[in-house]
Structure formats: structure tokens, C-alpha cells
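Here's the structure we're looking at; comments come further down.
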Amino acid sequence: MASKYTNGELVSNLDDKYGVGGGVEDVYGEDSATEDQLVTPWTVSVASGYTLLRDPHFNKGLAFSEKERDAHYLRGLLPPAVSTQGLQEKKIMHNLRQYDVPLHKYVALMDLQERNERLFYKLLIDNVEELLPLVYTPVVGEACQKYGSIYRRPQGLFISLKEKGKILEVLKNWPEKSIQVIVVTDGERILGLGDLGCQGMGIPVGKLSLYTALGGVRPSACLPITIDVGTNNEKLLNDEFYIGLKQKRATGQEYAELLHEFMCAVKQNYGEKILIQFEDFANHNAFELLAKYRNTHLVFNDDIQGTASVVLAGLIAALKLVGGTLADHTFLFLGAGEAGTGIAELIALEISKKTNDPVEETRKKIWLVDSKGLVVSSRKESLQHFKQPWAHEHEPVKELLNAIKAIKPTVLIGTSGVGKTFTKDVVEAMASFTEKPLILALSNPTSQSECTAEEAYTWSQGRAIFASGSPFEPVKYNGKIFMPGQANNAYIFPGFGLGLIMSGTIRVHDDMLLAASEALAAQVTEENYKNGLIYPPFTNIRKISAHIAAKVAAKSYELGLASRLPRPKDLVKFAESCMYSPAYRNYL
Ligand SMILES: NC(=O)C1=CN([C@@H]2O[C@H](COP(=O)(O)OP(=O)(O)OC[C@H]3O[C@@H](n4cnc5c(N)ncnc54)[C@H](OP(=O)(O)O)[C@@H]3O)[C@@H](O)[C@H]2O)C=CC1
Ligand SMILES: CC(=O)C(=O)O
Ligand SMILES: [Mg+2]
């Protein structure tokens, strides 16, 4: 162990020179712009020997070269073979494929992340289609449900009611100082699995691993946080292994005060440009938090805004397959919560921008069904505020099927969190008056999907254009292969966040969401369309994220919300240059 880390000046110079990372120090040399330079594997102190092998930021396992083994006191601590990162990747992928149980693969991946961060991200970037369902939906859902029993080492920061009055101190306990993005949950609506309390931590951890793998934001700049105000999940409250506060959820003023302290502490500790992504809060808090902090903080609600942007992108792309404009379509949602009303509002906004009709008018093409039936004007008094703009004139309708028959939508979107609700009758009804019905079963994880890909294609006799929140395998129907797309906010938030960070944006504006949708839709190729896809495959996601980031940043500069000046000329290239590379560095 050697002297304390004091070369901030050197790193700042590098940062200025390369202009990367939204102005925050690239402490570990994680941006690809610093790739050609040798780095010293310093943590708070210079790590060497045994400590170096146990530091996930710097550990390379058998890939330490002979020279590095001599220079960093590693002789004897490793077996003699020297491996490459490529060979290590091959071995781990081989090992992962031996597991039959997806949750075991998840645990193995989390272990790797804690042991050798660069190898973890190399794996995730190179094998994104195969590994995304593990670190993300659906398997992350099961991991959250069983978090108490698979929990080994803590990941992220836990802020509970016990920390009230001390949140700033708690933030200072986190070892990294140059944080650029926080994903925070209070665990009350984890995917479509309900209240999982403190066990929701799997979600911010998973989302942030995608910020790095898909969007190129450095791992050291990402901070997962779970706010624990209790849980109303009786099973967890009675579970002796539950890791969270064993009390009913705090609500009202007590909840608001804790959240307010958190929001203030984050800004005080990390500054104006820290991006806070709200994730999987229940809707009775989510809309309020967004409204309260959107003018004072750089906040983004992934479930309301990210989902809206990804679905709008799919709809814009789908127009190539079904023809017409968005204004020619009629939309029906099952589920009128965060995702449903968030998507509905962005569609209405996009149509309004394209047609110059007021949003109050364009909303009339969009209908929502909640647990009590069609959202209509006679229910207005009793509706939550976020449903009220959708309470159109219509007689009450209780069942989805009857609503479909009455409204005759061309697009059906599931955002209820309840599985198997798009029944055979529902899909057949959609297909009875539309040549190519667009059916999006967005609820996660797979168990909550409104229908499967196979059901959508079979029941519509191969005419549906289908995408789902969690992935489905291609389907063979009548001798033809149908490729379902994945309509998931994972397409948007990594590139969106990168765009905000790299331009030093201080507030999120709805026009940035529209820009992200258009950027994503533009990435769908003729080849994808031929396969019936309305989203590009995840294989090229880093390129896609760079394009989304560029469009979001461009919009931010246009709106005067970007603080990184002068504006880089080529924003796509700039986004690419900001991206974290997981390739091993030389430590000499
Ligand atoms: N694919 C993606 O990228 C995303 C997917 N999602 C998924 O969407 C789902 C919903 O999330 P979110 O909008 O945040 O949840 P909310 O709790 O905010 O909304 C759920 C809505 O569904 C309604 N609902 C519940 N049960 C039924 C039912 N049986 N019939 C009709 N409506 C019902 C609720 O009705 P009421 O208001 O009457 O209670 C409510 O309006 C989750 O599964 C989530 O995983 C979310 C974000 C992104
Ligand atoms: C994808 C996502 O954010 C959700 O299901 O909540
Ligand atoms: Mg979510």
C-alpha cells in the first residue's frame, strides 16, 4: 500500500484535454478517450498484491502480465498461466451456459461484477442479447423476489428511515465521489411484482449496469440507491431473513420529508448536474415526485417518461409497416398508471406537434382501461389526477373486450402489470377490424406479460405486429418465422442519460423524449422491417445509444439547457468518445 491518492490535477487535465464525461473526473481512466495511456491502478491508495486482486475496478485475474505480476507484488498469488481477456470471456460464457437455472446465472454474473468489473462489462457488451434477460427483466425480477436469500455482499446504498437527518453523511460513505447518475427506488412497484420493499435493490443495480453496458456511462459514476420506508408486503414482514425495515410503509409527511432530505442531499453532495432516475415507485408517489422535482433537479422517471419514449419510437417505426400517420390510429391501453398515462401523453404530444392540433384534441384518439373499466367522463370525480385528461365522453364499459368492440382501436397496449389479460377473444377482436393490429404487451416480467408472442401471432393468424416488455423467442407459425421485438425502456434510458450527462444538461424537457424516440425509430433498418420488427436488435445498442444521446444533447443545446460549452460539433462522435470501454488497461 502506498501514498494517498492525490493526482486529481493530472486527471482533470486529461478530462479537459479529451473533453469527456460531462466534466467529471475520469478517475479510473474508464473512458475510451484515455485508452492509449498507461494508468496506475490507484484506489484511495495504490493497490498492489493481494489488495489489487480483490479490487473489482482493477482486478484482471489471470490476465495480469508477467511484468505486471512483478511490478505489483502478484508473484505467487496467481497460478502461472497468463490469460487474455478474450479467453477469460470465453471461459465464463462457457461456465454460465452450464447452469440450467437462470437465477444461478444471475448470481454468477453478480459475483463476477464484484470480482472483476471490466470482465463483467466486456461479457455484457459482447453478449448483450444473451445476458440482458439475466441482469435485467425477467430474471432480475426473480432475483428481487429472492434477494434476501441470494444476498451476499451489499450492492448500492441503502437509505432507510433510520438515516433520517443523516442522509448527507450516508452519501459520503459511498466510496466513489464522481457520481453522474443515480437510479433510486423505494421498492413499492417492482416490475409487475408489487411491493418488494428493500429487495427492490436489484432493479437500480440492474438498470445501472445497463447505463454502463448499453450507454457507456462509467461504472464508477453510477450509484444505485434503495430508499427503505418499510413495506406493506406481509410475506416479507413475516420473513425472518428479510433484509429491510420490518414495518409498514411510511406515508404522507414522513415519506415526503425523507424523500426531500434525500433530494437535497444528493444535489448538495454531487451538484446541479447529477442525474436522478426514479424507478419503480408506486404511482401515488411517482407522479408527485416527478412534478415536485422536475424544475429544481435533473430528474427523469423511467417508468413514465422512458417507457413513453420507447413506445413512441416503436409506433413511429410501425407506421412503415401499417401505413398512415399516428393521427390516423386509435389507441387503447389496458392499465392507466405510470406507463399507460405516460405513453398516452407522449403520443398525444407527438400528434399535436405534427398536426398543430391542441393536445386536448389529440388526446381524444387515446383511451385507457383501468381495474374498474374504461376511463370515462362519468368517473371523473373519483379518478386520480393523472387519469383525468383521459376521461372522454362515453358510456361506462367494464370489460376490456367490450371496450375494444366499442372503441375499435388499431393499437392495443398492455400496461396493467397483470398477465394473460390479452385473451384469445381480445386478440381476435383486434384482428377482426384491423389488417395489422399493433399489440404491445409491456408488463414485466414474463409472468405478467399480457400475452405471449406465440399467442399474439397465432390468434391474429400471423397478422399482429407484436412487441413485449420482456423478451420472447421467435415464433414459427404457418411455416413462417415471426420475430417479436422488445418494447422496453432499456432502449432509451442509457442513451438518454448519456446525452444529458455529456452535454451537462440541467433539466429534462419533454422535447428531449420526443428526440430520443425519433432517434431510436431511425435506427430500425429495412432488414428489421422485413422481419416485422419495430425495434432494432440490442446487438448494436451502443451505436443506437450514441445516436439517441446525440439527439437528446442536440435538443438540450437548442433549448439552452446544456451547460457544456462550446457544443461539440459532431455529437454522435462525441458520445462515442465518452463511452466507457471495458478493455483491460496496462498497469505499469
Ligand atoms: N416495458 C417497459 O419498458 C415497461 C413496463 N412496465 C410494466 O408495466 C406494468 C405497469 O406498470 P405501471 O404503469 O408503473 O403500474 P401502475 O401501478 O402505475 O399502473 C397499473 C395500472 O393497471 C391497472 N390495472 C391493474 N390491474 C388491472 C386489471 N386486472 N385490469 C385492468 N387494469 C388493471 C391499474 O388500475 P387502477 O388504477 O384502477 O388500480 C393501473 O391503472 C408493470 O408490469 C411494469 O413492469 C412499466 C414500465 C416500463
Ligand atoms: C422495464 C421497467 O422499468 C419496468 O417494468 O418497471
Ligand atoms: Mg421500471
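Both ligands and their constituent atoms are indexed starting at 1 by order of listing.
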Have a look around the Mg ion (ligand 3) and list protein N/O/S atoms under 2.8 Å, or say none.
Glu279 OE2, Asp280 OD1, Asp303 OD1
Mind checking whether Asn489 has an N or O less than 3.5 Å away from an N or O of ligand 1?
yes
Once you restrict to heavy atoms under 4.0 Å, what part of Glu338 touches ligand 1? Side chain, backbone, both or neither.
both
A student checking ligand 1 against Ala336 at a 4.0 Å heavy-atom cut-off should list atoms 21 (C), 40 (C), 41 (O)
Region of Thr307 engaging ligand 1 - heavy atom pairs below 4.0 Å:
side chain
List ligand 1 atoms under 4.0 Å from Ala487, heavy atoms only on the residue side.
1 (N), 2 (C), 3 (O)
Go through it in stages, so that I can follow the logic: the residues are Tyr457 and Tyr477, the test is ring pair (Phe, Tyr, Trp, His ring centres under 6.0 Å), and I'd like the CA-CA distance, side-chain angles, deciding distance and then a yes or no.
CA-CA 7 Å; Tyr457 295 127; Tyr477 173 76; 8.1 Å; no
Could you go step by step and tell me if Phe300 and Phe496 meet the side-chain contact (heavy atoms from CB on, under 4.5 Å) rule?
CA-CA 10 Å; Phe300 166 71; Phe496 191 82; 3.7 Å; yes
How close does the nearest protein non-hydrogen atom get to atom 46 (C) of ligand 1, and which residue and atom is it?
Arg189 NH2, 3.7 Å
As a test of reading the model: which residues have a non-hydrogen atom less than 4.0 Å away from ligand 2?
Tyr136, Arg189, Leu191, Lys207, Glu279, Asp280, Asp302, Asp303, Asn444, Asn488, Asn489
Lys387 heavy atom under 4.0 Å from ligand 1
yes
Taking heavy atoms and a distance under 4.0 Å, where does Leu334 meet ligand 1: side chain, backbone, both or neither?
side chain
